[in-house]
J.: 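Just dropping this structure here.
Every chain is numbered from 1, with letters handed out A, B, ... down the list of sequences.
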Amino acid sequence: MQRHEPYPTLERQREADQLGMMLFLGSEIMLFGALFAAAFGLFLQHTPDVEAASGRLNLWLGGANTIILLTSSVFVALGAEARGRRPRRLVACFLAAALLGILFLAVKALEYAREYDEGLMPGTAHAHFASGPQQLFMNLYFAATGLHAVHLTLGVVLLLVLALRERWRPATAAAIENAALYWHLVDVIWIFLYPVLYLTRG
Amino acid sequence: MNASGEGLHDAPREVDPPRRTPAEASSYIADGYSLRSWFVTTDHKRVAVLYLVSITAFFFIGACAAALIRLELLTPAGDLLTNEGYNRAFTLHGVVMIWFFLIPSIPNVFGNFLLPLMIGARDLAFPRLNLLSWYIYVFAGLFTLYVLLTGGVDTGWTFYTPLSSTYANGHVMAALTAVFIVGWSSILTGINFIVTVHKLRAPGMTWGRLPLFVWAHYATALILVLATPVLTITLILIALERLLGIGIFDPSLGGDPLLFQHLFWFYSHPAVYIMVLPALGVVSELVAAAARKKIFGYWFVAYSSIAIAVIGFFVWGHHMFVSGQSMYASTIFSFLSLLVAVPSAIKVYNWTATLYKGSIALNAAFLFAMGFIGLFVLGGLSGLMLAMLAIDVHVHDTYFVVAHFHYIMVGGAVTAFLGAVHFWWPKMFGRMYNETWGRISAALIFLGFNLTFFPQFLLGYLGMPRRYHVYPPEFQALHVLSSSGAFILGLGYGLPLIYLFYSLRHGDPAEPNPWGATGLEWTVPSPPPTHNFEEVPRVENEPYDYALRHDESIG
Amino acid sequence: MMGWFGATLPEASSHAVRVDLLAAAFSALTVVLTLPVFVLILVFAIRYRRGKAVNREHAPDRNIWLEVSWSVIPFVLILGFFIFSARIFFDLHRPSPSALSINVVARQWMWKFQHPGGQREINELHLPADQPVSLTMASQDVIHSLYVPALRLKQDVVPGQYATLSFTATRPGIYHLHCAEYCGSDHAVMGGRLIVMAPRDYAAWLGHADRATTPAAAGAKLYRQLGCSACHAQGSSVPAPSLAGISGRRVRLTDGSTPIADRQYLHDAILYPNRHVVAGYRPVMPVYARLIDEEQTTALIAWIEAMKEERR
């Protein structure tokens with residue numbers, strides 16, 4: 001790895017990269033944290049509606065996605081750990097994780113399609129909600145999972161880029177570690193999203 | 001130059017100063033003259049100058065909006081602008097001044113330029129991220145310009161729902177996008193500063209030896225990183241509600257407009273500390289340098305910055321005392337708002353105590369600092385008054401609030417910004433400006449400011465609501481006073497543009513340390529070379545170690 | 001009475017007097033805390049001016065006790081004001097049970113007031129002096145805020161929620177009434193006058209005023225017109241909860257909760273009936289949110305409140 005100005009030592013540069021990434025993750029936590037706060041506010045004001053609406057989400061698809069994402073995080077961890085020593089394992093693990101990420105998105109798309117069919121997608125022609133607050137819950141569900149999906153997509157792209165160019169231009173340790181941290185964050189956010197959205201059913 | 005720091009540059013000169021001084025020839029400014037070299041720079045000093053130019057441009061835009069407002073308010077009737085025109089003017093004024101001037105001003109100009117120098121580093125932790133922050137800022141600025149040129153938006157800078165999410169027309173989406181984008185510039189700047197202070201301090205530069213400017217910017221950076229994302233998500237939610245109808249603030253669906261206010265103010269209250277903490281850091285430096293004395297109670301002042309940042313996260317509800325918030329919550333927020341005034345008061349008392357037995361030079365920079373202290377104190381105490389529940393019920397959403405925040409933001413932050421300009425201009429550009437004109441500006445600004453905004457305290461208490469372009473005729477005298485003051489204030493702000501620009505070509509060359517101040521930035525040439533230090537300094541002195549350097553105990 | 005530069009603000013209630021006292025006293029504290037600072041800064045700047053020969057020996061750079069005392073003492077003083085202010089604030093939220101109840105609807109860009117006897121006003125409100133008043137306010141669209149500077153009072157009116165403002169005006173006179181929460185184009189002209197009259201004059205005014213039907217009578221008419229009685233009357237084919245005597249009583253909902261049927265509950269039950277379905281009933285009530293406005297809702301609620309237990 002190259003030492004860049006203005007760092008006096010490589011060690012310091014690595015620490016700085018890590019600290020910077022942790023701070024960025026902190027800001028992402030605040031981003032989603034505000035969403036969770038909004039969800040909590042909605043829950044407090046309209047508890048029965050939130051529980052009813054949550055009950056209409058597909059527990060199994062959501063659960064499957066949770067397992068998919070957790071597994072992908074294991075792959076990312078294994079791949080990151082193999083950096084430098086076993087580049088082929090790094091590529092394989094990152095590709096696997098990326099594929100799992102794409103699978104997550106596919107399952108999510110399937111869920112969205114089913115919600116559309118059931119008239120639960122706000123803004124669509126035949127959307128029909130039992131009550132206003134139930135629609136609000138679905139609004140929040142789409143906003144939150146949509147934002148998460150955007151973050152996940154960025155993560156998939158990151159993993160693919162790092163994996164595919166490993167042969168010609170191996171990424172620095174910082175890049176690999178930061179990508180892994182980002183992926184784990186996306187996973188952790190889902191770990192919180194899942195119970196808040198799917199398990200609030202009464 | 002004599003020992004008091006006042007320049008012989010005020011005396012008649014025999015020879016014109018050189019077009020390019022030796023220091024300039026080997027400085028960061030001379031390191032490439034092409035536009036490209038400036039626009040792809042990663043040098044923190046050049047990025048600071050890029051910011052300086054862009055925020056000045058936006059200040060001008062925001063000031064034009066203010067001029068329109070104060071002109072309209074000369075008469076009780078709405079004769080200059082239509083109602084919609086006025087509403088768009090004050091919205092533009094708020095959005096531009098807050099996000100495109102105040103928030104980036106001191107951190108992105110002086111924080112960028114000085115942080116590495118002050119800690120003995122060659123650059124910030126992430127130089128390319130720094131440049132990216134500027135480009136993000138400019139990109140957001142383009143959206144703002146688009147909003148301006150296509151007729152503006154009339155939601156107020158606070159975007160309250162359901163007005164902004166359902167009822168307002170105009171380019172609300174573009175305005176939301178502009179603020180959304182500029183938030184990323186803030187977050188990246190914050191990350192850069194925090195990592196810089198943790199990882200790039202020169203050997204021997206312990207936390208206890210850091211200039212108070214650095215402490216203040218560290219505290220500011222914490223808020224930038226942790227608070228801004230809440231604004232980001234709030235803007236996304238309004239945008240979704242406007243665009244796709246999927247929002248959570250719609251009362252007809254059971255949504256709560258107050259939820260928006262909670263989310264918005266959770267960011268926007270800490271945001272005001274983003275605007276004021278750097279100013280407090282600047283003033284510490286100006287006072288120490290002017291008095292040639294260590295700031296009294298260094299650790300109290302250092303920790304007070306952190307305390308303000310932390311407590312500032314817990315007072316947002318004081319914007320919602322009459323919104324329908326529970327009176328118990330309001331009481332708690334009122335108490336915490338009083339608490340947050342304590343660390344600010346500590347700084348003011350400590351600066352005063354610093355002057356005791358100091359050796360004080362009344363140069364322009366220090367006059368700005370004194371102006372700051374006076375105006376910030378009034379602004380802060382009016383804030384305490386607003387935190388008193390019963391008083392706020394009367395003066396919330398009146399000119400009393402407008403006066404309060406202008407005292408802090410303009411009387412405080414802008415004054416400190418100008419003080420910083422006058423103090424570090426020689427370091428940044430290698431030229432001395434005319435001190436007399438600097439003092440005249442400081443005085444004009446102080447007088448013009450008070451004439452503009454003190455009447456507004458009275459207007460507010462007498463019941464003049466804010467965001468009104470027409471008003472009961474009995475308020476006209478106070479409004480005329482205020483608008484006259486604004487005219488003088490405008491003159492005061494225009495003057496520095498003239499003599500500072502003039503100094504770039506005609507000013508006396510600046511020495512490395514024209515003020516005789518402590519701090520690593522004063523040990524390098526003015527302007528500094530691209531790499532800041534020939535060799536990385538080893539720090540052994542305590543901060544503000546004036547007593548050791550200038551033996552003036554008897555005068 | 002406060003007044004500067006040609007503008008004055010009377011104190012139209014005892015609350016106003018207390019607020020002015022608090023503000024004046026706090027301003028005095030402001031001066032006490034800041035004047036020494038300004039004076040000292042000026043004195044030091046002159047006395048210790050650079051180049052002046054003066055004793056600068058042993059200049060202190062820290063003093064823990066000084067720091068603590070000038071942090072704690074002002075804070076304690078301010079706390080005293082905090083307590084005084086909180087008490088005034090809490091008193092505001094303790095409405096009198098015998099208050100004259102005025103219904104208010106705020107909408108872009110006017111204030112509509114209705115007295116209990118049915119008298120309606122737009123942008124003007126006549127009230128008796130020395131009589132506790134309680135304004136129950138609703139917004140038709142965006143957030144507005146009713147502000148009467150002479151009373152030193154304002155209250156935001158948030159759409160979807162009722163807001164109350166309680167006070168007793170003591171001084172007859174004509175006072176400004178404003179909207180204090182930015183609400184769009186005509187925010188600055190959304191207002192008018194509060195006219196406080198001696199109780200006898202108010203009674204006379206009531207007699208002369210443009211008297212529409214009382215809210216309850218208007219509500220009764222709507223109740224029939226909108227088809228409420230079709231389901232809610234006893235013996236109807238569509239089962240619907242009985243409304244007689246319901247106001248103020250607890251209601252059991254399908255989710256098990258038992259809220260009190262206050263104005264907010266009745267408001268939501270009429271406009272958004274599927275939010276809270278009464279236990280034992282199905283959600284078949286039409287959604288009236290898009291069919292009636294806040295004023296009509298207020299009228300219906302007035303009628304429901306008037307329905308006594310016996311009238312079945």
J.: Quick check on the interface: out of A:Ala38, A:Gly26, A:Gly33, A:Gly41, who has the most heavy-atom pairs with chain B under 4.5 Å?
T.: A:Ala38

J.: Quick check: do A:Leu23 and B:Val195 have side-chain heavy atoms less than 4.5 Å from each other?
T.: yes

J.: Need one label for B:Leu231: side chain, backbone, both or neither, based on atoms under 4.5 Å from any heavy atom in chain A.
T.: neither

J.: Under 6.0 Å from the CZ atom of A:Arg86, do we count more than 12 heavy atoms belonging to anything else shown?
T.: no

J.: For residues B:Phe266 and A:Met30, determine if any side-chain heavy atom of one lies less than 4.5 Å from a side-chain heavy atom of the other.
T.: yes

J.: For A:Tyr194, is the OH atom crowded, meaning more than 12 foreign heavy atoms sit under 6.0 Å from it?
T.: yes

J.: Within a 6.0 Å radius of atom NE2 on B:His198, are there more than 12 heavy atoms belonging to other residues, nucleotides or ligands?
T.: yes

J.: Only pairs of heavy atoms separated by less than 4.5 Å count here; which of B:Thr228, B:Asn192, B:Thr196, B:Ile194 has the most with chain A?
T.: B:Ile194

J.: Identify which one of B:Leu240, B:Ile233, B:Leu237 satisfies the side-chain contact (heavy atoms from CB on, under 4.5 Å) criterion when paired with A:Leu147.
T.: B:Ile233

J.: Answer yes or no: does atom CZ of B:Phe533 have more than 12 heavy-atom neighbours from other residues, nucleotides or ligands under 6.0 Å?
T.: yes

J.: Test side-chain contact (heavy atoms from CB on, under 4.5 Å) on A:Asp17 and B:Phe126 and set out the steps.
T.: CA-CA 9 Å; A:Asp17 282 337; B:Phe126 306 116; 3.4 Å; yes

J.: If you count the non-hydrogen atoms of other residues, nucleotides and ligands that lie under 6.0 Å from CE in B:Met173, is the total more than 12?
T.: yes

J.: Strictly distance-based, threshold 3.5 Å: is any side-chain N or O of A:His46 a donor or acceptor partner for the main-chain N or O of B:Gly254?
T.: yes

J.: Heavy-atom distance under 4.5 Å to chain A: side chain of B:Ile191, backbone, both or neither?
T.: both

J.: Is there side-chain contact between A:Pro8 and B:Leu200, with at least one heavy-atom pair below 4.5 Å?
T.: yes

J.: Is the number of heavy atoms from other residues, nucleotides or ligands within 6.0 Å of CZ (A:Phe40) greater than 12?
T.: no

J.: Taking everything shown except A:Phe75 itself, do over 12 heavy atoms lie less than 6.0 Å from its CZ?
T.: no

J.: I'd like to check B:Ile246 versus A:Leu140 (side-chain heavy atoms, cut-off strictly below 4.5 Å). Are they in contact?
T.: no

J.: What residue in B:Thr234, B:Thr232, B:Val225 has the most heavy-atom pairs under 4.5 Å with chain A?
T.: B:Val225

J.: Could you check which of B:Asn532, B:Val230, B:Thr42, B:Leu226 has the highest count of heavy-atom pairs closer than 4.5 Å to chain A?
T.: B:Leu226

J.: As an exercise: rank B:Leu124, B:Val536, B:Asp256, B:Leu188 by heavy-atom pairs under 4.5 Å with chain A and give me the winner.
T.: B:Asp256

J.: Tell me, for B:Ile248 versus chain A, whether the close heavy atoms (under 4.5 Å) come from the side chain, the backbone, both or neither.
T.: both

J.: How far does CG of A:Leu136 sit from CG of B:Asp250, to the nearest 0.5 angstrom?
T.: 7.0 Å

J.: Determine, stepwise, if the pair B:Leu253 / A:Asn139 fulfils side-chain contact (heavy atoms from CB on, under 4.5 Å).
T.: CA-CA 11 Å; B:Leu253 292 178; A:Asn139 288 351; 4.3 Å; yes

J.: Where on A:Glu15 is there a heavy atom nearer than 4.5 Å to chain B: the side chain, the backbone, both, or neither?
T.: both

J.: Determine whether more than 12 heavy atoms belonging to other residues, nucleotides or ligands lie under 6.0 Å from atom CZ of A:Arg167.
T.: no

J.: Would you give the length of the straight line joining atom CZ of A:Arg14 to atom NZ of B:Lys199, rounded to the nearest 0.5 angstrom?
T.: 12.5 Å

J.: Using non-hydrogen atoms only, which part of B:Ala125 is less than 4.5 Å away from chain A: side chain, backbone, both, or neither?
T.: both

J.: Does B:Arg122 use its side chain to pair, donor to acceptor, with the backbone of A:Tyr7 at less than 3.5 Å?
T.: no

